[in-house]
Each structure stands twice: as C-alpha cells, then as structure tokens.
Amino acid sequence: MAGKDNKQKTYLFLLKSFQNSLIVFLKETGLHGLKFVGDATLSIWERSFFLIAFVVAFVLTFQLISNIYDKWNSTPVIIGISPHATSILRVPFPAITICNMNQVQRSKVFQYRDGTQESDLLKVLCSDEMEDTEETTDAEKLAFYASLANNTLKISEFVTNHSQTCEQMLRYCRFSAIEYKCLELFRPIVTDEGLCCVFNFLPPERLYKRQGRNLSSRLGNESVPWDPEIGYPKDLPNRYYPRPAVGSGITMGFSVVLDAQLNEYFCSSTNGPGFKLLFHNPITTPDMKDEGLVVGIGYEMNFRLEVSRSEAMPSIRSIAINSRQCIFMDERKLLYHNHYSRRNCENECYAKFLYEACACIPHKYPHIYRNASVCTVGDTICIRRAMRLENAAQAAKCRKQCLPGCFDLSYLADALYFPLAKRDFRIANSLVASMNKSYLLDNIAVVNLYYRESAYYGSMKNVYIGLTEFLSNIGGVMGLFMGFSVISLAEMFYFLILKPISEFIAWKRGKLVETKENTIDVNAVQELTKQNQNLWHTRELYPKGFMSKAIDVSGQSTKDVFKPRKPMLHRAFY
C-alpha cells in the first residue's frame with residue numbers, strides 16, 4: 001500500500017512540475033502566439049484563437065517542409081553548364097578506329113575447300129544470322145551444325161591472319177598539319193568487326209589488368225596515363241599519346257586516305273563495300289558493330305567534332321550512388337579494365353553472362369577471368385543462342401548497376417560528304433590526284449576529322465540542394481510561420497524535460513519542500529538567509545518596510561506580515 005502511495009505521489013509531483021514548467025515556457029517562449037495561449041489574464045476565447053492560429057501555422061509549416069524534403073530527396077543533383085570555357089588543348093583528340101567491312105581477303109582464303117574447319121569458320125563469319133538447331137529441320141544444316149561442334153579454330157586468330165592489314169588500308173595520314181607514316185600513328189586491334197586500326201588509343205598495358213585480345217605494337221610516342229577524371233599528368237614527355245589537337249579547323253585536324261582493295265573482298269559485314277569509323281574516348285574499347293559510322297567508297301567525308309565532357313563537384317560524393325546516378329573512378333573496380341566507364345562495365349556483364357552460359361568468353365568481350373578460354377567456332381551456336389533477347393535479359397540485372405561515370409568524355413560530330421573527282425583536274429591531295437580515276441572511285445575514301453571550335457563548355461554535376469540550403473529553407477519557413485529558431489529547441493528541452501527531471505531528482509533527495517503553490521529549495525533559502533546577513537540593513541534600503549509572505553520549513557504559508565528589518569527574500573525563489 002505504501003509503495004502505491006509513493007508511486008502516486010511521484011506521478012503527481014512530476015505532473016505538477018511539468019505543468020509549472022509548461023506555464024513558464026508558454027510565457028517566455030519566442031514562438032509566435034504561444035505566450036498569449038499561456039496568458040491567464042486573457043479570456044478563454046482569446047487564448048483559443050491564438051491556439052488555433054498556432055496549430056494552423058504549424059500544419060502549414062509541416063506541409064511546406066515536406067515539400068522541401070521531397071524536392072531535396074528526389075532531385076539531389078543538378079546538371080548545369082560549366083561556367084568556364086575549356087580549351088581543346090586540355091583534352092585528347094578522339095581515338096579513331098577504322099575497319100574495312102571486308103572480313104577476310106580473298107587471296108588468303110580462296111584455297112580453303114568445303115568441309116574443312118577453315119571453310120566452316122568462313123560460313124560462320126560471313127553469315128549475319130544462324131538458325132537455332134532446335135528450330136531447323138533441314139538435314140544439311142543439321143549436319144553443318146554438328147560439324148561445328150568439333151571446330152576448335154578461334155575467330156580472333158583467323159581474322160588476324162587473313163584480314164587486310166593497316167599498312168594496306170592506310171595510304172596517307174596527317175595530323176595537326178604534319179604528315180606521318182600511318183604506322184607511326186595506328187596500330188592493329190581486334191574488334192567485333194574483325195581486324196581494325198586504331199589511332200590515339202591507350203595501349204593494352206594501361207587499359208587492362210591483363211593482356212587480352214588486342215594486338216599491340218610499339219609506336220614512336222610514349223603513352224601517358226590519362227582518364228577523364230584526373231586528366232593528363234603534370235610532367236609530359238615531348239612526344240606522347242593520347243595526343244591533344246593543336247588547334248581547330250580542317251588544317252589542324254586529322255586526315256586519312258583509305259584503300260578498300262575491292263578486288264580482295266570475300267565477304268562484308270554489311271550489305272556493301274566501305275569502311276566503318278568510330279571516334280571515341282581513348283580509354284573506352286570501341287563497339288564497332290553497333291556504334292561505327294559508315295564511310296562510303298569514292299567519297300570524302302568531313303566530321304566536324306564537338307567535345308561533350310561531363311564533370312562533377314566533389315560535394316556530390318556524399319550523395320548515394322543510386323541517387324546521384326553516376327560513379328567516380330575509385331568507387332567501383334572492374335575485373336578486367338583499369339578504368340571505369342559504362343561501356344566497359346556493360347561489356348564485363350556480358351562476358352560474365354556468356355561465360356556462365358557457354359563456359360568460354362567470345363573474343364570481342366573482355367577476358368575477365370584469368371583461366372577462362374576464348375570461344376572457338378564450336379561455341380558459336382551456344383553464344384548466339386545465349387544472346388537471344390529472352391536469354392540475354394538475364395544479364396540485365398548486372399547492367400543496371402553500370403551507371404555512367406561522373407567524369408566522362410565523348411565526342412559529337414556533324415558529317416559532310418561529297419564525291420571524289422571523276423575527271424582530271426588539280427586536286428589538293430597529291431596522292432589522290434596521282435591515282436587512276438577508276439581505281440579512285442572504286443577503292444578510295446578520304447576522311448577528315450577536326451574541331452569546330454577551339455574551346456568548349458562542359459556539363460557540371462553539382463548538389464541541387466545541399467545540407468546548408470536545406471536547413472536554410474526549413475529555417476526560413478519555420479521562422480516565417482512560427483518564429484522558430486535553434487534556441488527554441490533549447491527552451492523546449494530545458495522547460496519540458498530538463499527542468500522537471502532536475503526537480504524530481506532534487507525532490508527524491510529531500511532537498512525540495514512542496515507547498516500548495518510552489519516547490520521550494522529549502523537549502524537555497526537557508527543559504528540565502530545567511531548571505532543576506534552581510535548585506536545592508538533592510539531599513540536603509542526600505543525605510544517603510546515591505547510586505548512578504550512568510551514560509552516556514554514545514555511548507556505552511558502564513559499571512560502577509562509587515563517585516564521592516566528582516567532580510568528580504570525575493571519571490572523569484574519561491
């Protein structure tokens with residue numbers, strides 16, 4: 001029974017202490033309208049009016065804060081135009097990959113007879129589509145597919161040995177108004193369009209963690225590390241690549257004369273002769289089949305380039321990757337590539353998927369596993385079956401994680417073309433002018449790439465609403481509608497939590513005496529009485545005396561008495 005009474009007393013004490021603190025808080029707070037709610041001198045309808053006004057302001061404030069939070073959460077990053085122009089001298093000239101649409105040279109494959117592994121490989125290489133063995137009933141096709149199962153030839157090795165070489169395809173090269181031997185600029189590379197030639201592309205030892213399918217040859221220049229995020233190193237050798245351009249316009253751009261050697265055509269990757277050209281980032285592996293631009297024979301094509309560069313402020317690192325929708329170079333490591341890019345990431349996803357499906361990796365995909373074998377002709381049917389739409393969808397989950405890089409570099413171009421000379425008259429290029437007109441129109445293409453402008457404005461990713469702006473917006477709304485500030489939080493914490501708790505602790509220790517109206521700290525009263533004995537005499541300060549309510553230590557209040565010479569005890573303490 002005694003325990004129940006103690007709990008009831010504790011509850012009543014806390015309730016009364018909280019009520020007293022709440023009254024003081026309402027009188028002293030800076031929040032708009034609350035001091036009138038706690039003003040006992042006002043009528044009930046006046047206090048109710050201010051209470052309703054405060055509730056309405058609170059609801060409006062909460063709604064506006066919700067809108068600010070939704071905007072902050074849904075649009076964490078804003079993409080704008082960089083305020084400063086960047087010179088084209090600070091970025092590399094695009095890497096240029098050129099492929100002859102002819103997959104193999106006729107003179108190198110004419111001796112292969114039907115029924116040999118080489119002949120079967122040519123049928124696979126030169127056919128765009130192959131029927132699934134599960135869908136065809138043709139006995140001849142079934143026999144052909146059965147023969148492929150034992151074919152151990154590798155397509156990458158075959159096209160390397162039987163395709164047109166860079167020396168045969170590239171007849172003339174000029175870069176930044178200087179003529180070069182083409183083999184000083186280009187090196188061979190194996191792509192999904194066969195053997196191609198690439199310029200201004202970083203060598204395999206800088207691109208890949210292990211040597212892969214790409215062929216490498218020593219160029220006259222020294223390669224330097226470069227990526228879109230870090231850029232060029234501070235100390236550069238005299239001759240290096242990837243090279244930047246030295247100016248804008250066709251004179252300071254890149255020019256190349258291509259020879260298709262039409263008489264050597266055996267099969268084309270498209271429906272006619274010509275070339276495929278792709279200008280791309282120097283660290284991104286070219287995807288010629290899907291992205292390459294067609295260059296027709298008998299024409300000169302001019303590509304006017306524009307730089308498209310994406311950058312990001314370091315402040316967006318604090319935003320989650322899925323929210324900002326881009327990845328910094330050091331945030332994700334790839335299995336095969338040294339540098340992250342969306343294209344490299346997607347290619348590794350496809351390589352992983354095809355390895356799981358066929359236990360090998362096709363030559364056009366990165367060799368992500370050290371012990372994985374390169375697919376042979378015998379794996380062709382499995383690869384094509386796996387790449388069908390309903391099966392390839394299994395790789396979509398991996399590809400969804402391949403977000404764009406926060407720093408990226410790409411190139412856009414306008415294409416202009418016109419036919420080469422059909423008659424004898426003087427033309428600019430001496431090599432082209434000296435060629436037979438019939439051979440010229442049937443085999444030759446001229447390509448020029450150059451910058452339109454000498455500077456560009458990139459795009460910049462930045463925090464749309466940072467933490468400072470977010471707090472400022474919330475503080476502005478709360479200050480406008482409610483007069484709220486950080487000090488208001490301190491007031492709430494002190495009066496509604498800290499003060500009742502401290503009084504409760506003091507009451508438990510027996511240092512407080514509860515009266516009908518107030519809670520008194522007896523020790524404080526006694527200490528104040530002792531200190532007041534050393535003060536001036538009360539008569540000198542209050543000659544007429546003063547009225548005070550006497551309180552004894554038992555907690556019983558007495559009537560107001562006239563005490564002219566007693567030390568004054570301020571009502572603020574009780």
Side-chain angles (χ1 to χ4, degrees), residues 96-112 118-119 121-130 155-156 158-173 182-183 186-199 254-280 286-303 364 413 415-423 427 429 431-449:
I96 302 171
T97 304
I98 305 174
C99 306
N100 194 331
M101 292 182 189
N102 183 27
Q103 297 295 289
V104 292
Q105 290 188 304
R106 181 181 297 274
S107 61
K108 295 182 179 180
V109 298
F110 77 94
Q111 73 274 19
Y112 299 130
E118 290 80 4
S119 176
L121 187 151
L122 290 173
K123 292 179 182 179
V124 172
L125 187 65
C126 297
S127 62
D128 187 44
E129 298 291 340
M130 291 181 61
I155 296 178
S156 58
F158 188 84
V159 298
T160 300
N161 297 325
H162 296 79
S163 298
Q164 184 189 39
T165 63
C166 295
E167 185 177 7
Q168 293 171 321
M169 181 173 62
L170 305 170
R171 300 288 299 274
Y172 170 88
C173 295
C182 291
L183 295 184
F186 284 86
R187 71 173 183 269
I189 181 174
V190 179
T191 71
D192 52 358
E193 283 285 344
L195 185 64
C196 304
C197 305
V198 63
F199 160 71
F254 174 84
S255 298
V256 61
V257 177
L258 306 174
D259 189 349
Q261 294 183 333
L262 193 62
N263 60 331
E264 286 284 1
Y265 262 63
F266 180 81
C267 65
S268 175
S269 60
T270 60
N271 296 321
F275 303 91
K276 275 194 174 181
L277 177 143
L278 181 64
F279 39 90
H280 54 92
D287 187 359
M288 299 300 298
K289 183 177 287 294
D290 294 332
E291 299 181 2
L293 304 175
V294 175
V295 176
I297 295 175
Y299 289 89
E300 179 169 349
M301 298 198 68
N302 292 345
F303 295 94
K364 65 180 182 179
L416 307 172
Y417 67 94
F418 50 90
L420 297 176
K422 297 181 181 180
R423 299 179 181 273
I427 56 179
N429 191 299
L431 174 65
V432 177
S434 64
M435 291 182 179
N436 178 275
K437 298 306 176 185
S438 177
Y439 187 87
L440 180 68
L441 297 177
D442 291 340
N443 296 274
I444 301 300
V446 179
V447 178
N448 301 305
L449 294 94

Looking only at non-hydrogen atoms, find the nearest pair between [X] and [Y] and report the distance.
{"X": "C196", "Y": "T191", "value": "SG-OG1, 3.2 Å"}
{"X": "A421", "Y": "K437", "value": "O-CD, 3.8 Å"}
{"X": "L121", "Y": "F158", "value": "CD2-CD2, 3.3 Å"}
{"X": "E193", "Y": "C99", "value": "CB-SG, 4.2 Å"}
{"X": "L183", "Y": "C166", "value": "CD2-CB, 4.1 Å"}
{"X": "F266", "Y": "V104", "value": "CB-O, 3.4 Å"}

Between [X] (side chain only) and [Y] (backbone N and O only), is there a donor and an acceptor less than 3.5 Å apart?
{"X": "E264", "Y": "Q105", "result": "no"}
{"X": "N448", "Y": "S255", "result": "no"}
{"X": "D442", "Y": "L262", "result": "no"}
{"X": "S163", "Y": "Q103", "result": "yes"}
{"X": "S434", "Y": "L431", "result": "yes"}
{"X": "D192", "Y": "M288", "result": "yes"}

Can you tell me how far the [atom1] atom of [X] sits from the [atom2] atom of [Y], to the nearest 0.5 Å?
{"X": "T270", "Y": "M101", "atom1": "OG1", "atom2": "CE", "answer": "4.0 Å"}
{"X": "F418", "Y": "M301", "atom1": "CZ", "atom2": "CE", "answer": "10.5 Å"}
{"X": "H162", "Y": "E118", "atom1": "NE2", "atom2": "CD", "answer": "7.0 Å"}

Crowding at CD, E167 (>12 non-hydrogen neighbours, <6.0 Å)
no
Should we count CG of N436 as having more than 12 external heavy atoms under 6.0 Å?
yes
Can you tell whether the side chains of D259 and R171 come within less than 4.0 Å, N to carboxylate O?
yes
Under a 4.5 Å cut-off applied to non-hydrogen side-chain atoms, are [X] and [Y] in contact?
{"X": "I444", "Y": "Y439", "answer": "yes"}
{"X": "S268", "Y": "N102", "answer": "no"}
{"X": "V256", "Y": "L170", "answer": "yes"}
{"X": "F279", "Y": "E291", "answer": "no"}
{"X": "V446", "Y": "L258", "answer": "no"}
{"X": "L278", "Y": "I96", "answer": "no"}

Run through K276, Q261, Q168, Q164 and flag the one making a side chain to side chain donor-acceptor pair (under 3.5 Å) with N100.
Q164
If the plane angle is over 60° it's perpendicular, under 30° parallel, otherwise tilted; pick one for F186 and F254.
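Rings of F186 and F254: tilted, 30 to 60°.
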